[in-house]
J.: 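Just dropping this structure here.
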Amino acid sequence: MNVSRRQILLLLPAAAVAWEYVLADNPESSPNFKMSDHWWGMLIDISKCIGCGSCVRACATENDVPETYFRTWVERYHVSDWHIENPEVDSPKGGIDGFPQSKAEGGKNFFVPKMCNHCVDSPCSQVCPVGATFHTPDGVVLVDYEYCLGCRYCIQACPYGCRFFHPKKRTADKCTLCYHRITKGLTTACCEACPTGARQLADLKNPNDPIHAFLKTHTVQVLKPHLATGSKLFYNGLDGSVR
Amino acid sequence: MGEFKDSAHLIRLAGVFLLGLILFLVIRSVAIPKSFGQYGPFRGAALVELSSRPLAFAGHEACENCHPDVAELKSKGVHKSINCESCHGPLAKHADDPGNVKPVLPEVAQLCIRCHSENIAKPTGFPQVNAKEHFGGQTCSSCHKPHSPGLDAGGKK
């Protein structure tokens with residue numbers, strides 16, 4: 001075959017484009033943090049939550065969450081003795097300033113911290129028309145703020161109400177499980193600030209993580225299990241009335 | 001009239017398809033971000049953007065490296081499992097530059113009440129006080145030291 005110099009020059013960029021395709025599907029090339037070694041979840045112990053709101057404040061400072069919007073919040077439940085299917089729930093300012101003394105008498109009272117469940121089969125990522133919501137190989141659901149159009153489908157799709165429309169970014173926003181912290185070997189801001197250890201970051205792929213012993217010895221539940229979202233937010237002592 | 005050749009049509013058609021394919025590949029290579037598909041079906045650079053956020057909370061290990069005396073005192077009291085920044089606030093800036101950025105001492109009265117004010121929804125067994133009845137006009141820190149809050153005199157914890 002006789003190929004002139006001009007033809008080779010024309011072929012080179014084409015070859016470069018083709019080679020990029022070969023390289024593009026090369027997974028896992030993060031330098032110091034190996035994503036496939038982790039599978040993140042969180043343990044929330046309701047019997048330890050005192051409703052102080054430290055997690056909400058810490059999350060807001062760590063992630064610049066705008067006021068009156070929440071990536072995590074705390075709810076207070078009052079379940080009366082005779083009507084357990086209809087609990088009274090309140091969450092003044094997401095619990096960011098703590099809770100005033102409960103007025104309700106009798107029944108059962110407790111706090112439930114809430115945040116993104118980082119579902120394995122997340123409804124939010126399934127409805128996104130542009131693929132802006134994605135799953136990292138270590139099991140965190142994140143939003144690509146450059147892809148997000150702000151169509152709000154995901155906000156409606158999330159059965160846990162964990163997403164909001166960011167007023168400045170004009171995109172959907174949610175808990176990132178402090179991805180900038182956990183990839184550096186730190187725990188999330190809410191877990192760091194929780195004074196009672198009611199929240200604990202869990203690495204389900206790490207056999208030495210205390211989560212495994214805890215899951216074996218406690219009655220642990222996820223929120224709305226009938227929706228089969230594959231939630232990785234494990235609640236200890238969760239009451240059936242919690243939605 | 002020249003001889004009619006079917007193959008000539010096919011070659012031209014194939015040429016049109018080839019041109020379309022090349023056009024498609026060129027547009028694709030321009031439109032798709034370079035890092036797309038690096039870790040999965042999403043833009044890999046988005047992970048870098050999200051994980052490069054600056055820290056606000058330094059983490060208790062960073063505190064304990066420079067303040068082992070406080071960590072030692074705290075490890076003996078009932079507040080042993082509380083992380084430093086839970087009370088002292090986010091201090092990553094102080095940890096990065098301890099000389100210039102000094103942390104503000106938290107106001108004790110508000111700090112204690114944040115967790116220890118009475119509330120029926122708190123777990124039973126968690127120490128709670130009615131602020132007005134309990135203080136008797138004093139500040140918390142006149143009896144309880146936050147790093148080790150048990151009362152030394154009287155033997156009551």
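Lettering of chains follows the sequences in order, A, B, ..., and the numbering in each one begins at 1.
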J.: Between B/Ser86, B/Gly44, B/Ala121, B/Ala45, which residue shows the highest count of heavy-atom pairs closer than 4.5 Å to chain A?
T.: B/Ala121
J.: Counting only heavy atoms not in A/Lys169, do more than 12 sit closer than 6.0 Å to its NZ atom?
T.: yes
J.: Need one label for A/Asp97: side chain, backbone, both or neither, based on atoms under 4.5 Å from any heavy atom in chain B.
T.: neither
J.: Checking A/Ser102 against chain B: side chain, backbone, both or neither under 4.5 Å from a heavy atom?
T.: both
J.: For chain B, which candidate among A/Cys191, A/Ser47, A/Ala58 shows the most heavy-atom pairs at distances under 4.5 Å?
T.: A/Ala58
J.: Measure distances from A/Lys108 to the heavy atoms of chain B and classify the residue's part below 4.5 Å as side chain, backbone, both or neither.
T.: neither
J.: Taking side chain as everything from C-beta outward and backbone as N, CA, C, O, which of these in A/Cys55 sits under 4.5 Å from a heavy atom of chain B? Side chain, backbone, both or neither.
T.: neither
J.: Around atom NZ of A/Lys205, are there more than 12 heavy atoms from other residues, nucleotides or ligands closer than 6.0 Å?
T.: yes
J.: Between A/Thr187 and chain B, with a heavy-atom cut-off of 4.5 Å, which part of the residue counts as in contact: side chain, backbone, both or neither?
T.: neither
J.: Just give me the residue among B/Cys115, B/Ala62, B/Pro90, B/Ser117 that pairs up with chain A most often, heavy atom to heavy atom, under 4.5 Å.
T.: B/Cys115
J.: So which of B/Gln128, B/Glu118, B/Lys122, B/Arg53 has the biggest tally of heavy-atom pairs under 4.5 Å with chain A?
T.: B/Arg53
J.: With chain A, which of B/Ala92, B/Pro33, B/Cys84 has the greatest number of heavy-atom pairs at distances under 4.5 Å?
T.: B/Pro33
J.: Looking at B/His79 and B/Pro146, what are the two nearest heavy atoms and their distance?
T.: ND1-O, 2.8 Å
J.: Taking side chain as everything from C-beta outward and backbone as N, CA, C, O, which of these in A/Cys178 sits under 4.5 Å from a heavy atom of chain B? Side chain, backbone, both or neither.
T.: neither
J.: Taking side chain as everything from C-beta outward and backbone as N, CA, C, O, which of these in A/Tyr77 sits under 4.5 Å from a heavy atom of chain B? Side chain, backbone, both or neither.
T.: neither
J.: For the interface with chain A, which of B/Val48, B/Leu55, B/Ile22 has the highest count of heavy-atom pairs at distances below 4.5 Å?
T.: B/Leu55
J.: Does any heavy atom of chain A fall under 4.5 Å from the side chain of B/Phe126, the backbone, both, or neither of them?
T.: side chain
J.: Could you tell me which portion of A/Leu186 (side chain, backbone, both or neither) has an atom closer than 4.5 angstrom to a non-hydrogen atom of chain B?
T.: side chain
J.: Tell me if the centroids of the rings in A/Phe110 and A/His78 come within less than 6.0 Å of each other.
T.: no
J.: Regarding A/Lys232 and the six-membered ring of A/Trp40, is the cationic atom NZ or CZ under 6.0 Å from the ring centre and inside 45° of its axis?
T.: no
J.: Apply the test salt bridge (charged side-chain N to carboxylate O under 4.0 Å, His left out) to residues A/Arg71 and A/Asp173: give CA-CA distance (whole Å), side-chain angles for both, the deciding distance (0.1 Å), then the verdict.
T.: CA-CA 8 Å; A/Arg71 287 187 179 190; A/Asp173 200 18; 3.1 Å; yes
J.: Working to the nearest 0.5 angstrom, can you tell me the gap between A/Arg163 CZ and A/Tyr69 OH?
T.: 15.5 Å
J.: Let me know if B/Glu49 has heavy atoms under 4.5 Å from chain A in its side chain, its backbone, both or neither.
T.: side chain
J.: Which bit of A/Val140 is near chain B, if near means a heavy-atom gap under 4.5 Å: side chain, backbone, both or neither?
T.: neither
J.: Please determine whether the number of non-hydrogen atoms from other residues, nucleotides or ligands lying under 6.0 Å from atom OH of A/Tyr235 exceeds 12.
T.: yes
J.: Would you mind checking which part of B/Ala58 comes under 4.5 Å of any heavy atom in chain A, side chain (CB onward), backbone (N, CA, C, O), both or neither?
T.: backbone
J.: From A/Met115 CE over to A/Thr188 OG1, what is the distance, rounded to the nearest 0.5 angstrom?
T.: 6.5 Å
J.: Among B/Pro41, B/Gly89, B/Ser51, single out the residue with the greatest number of heavy-atom pairs under 4.5 Å to chain A.
T.: B/Ser51
J.: Where on B/Glu85 is there a heavy atom nearer than 4.5 Å to chain A: the side chain, the backbone, both, or neither?
T.: side chain
J.: Could you state the interatomic distance from CD1 (B/Ile82) to OG1 (A/Thr196), rounded to the nearest 0.5 Å?
T.: 8.0 Å
J.: Measure centre to centre between the rings of B/Phe36 and B/Phe42, then say whether the value is under 6.0 Å.
T.: no
J.: Tell me if a side-chain donor or acceptor on A/Asp203 pairs with a main-chain N or O of A/Trp39 at a distance below 3.5 Å.
T.: yes
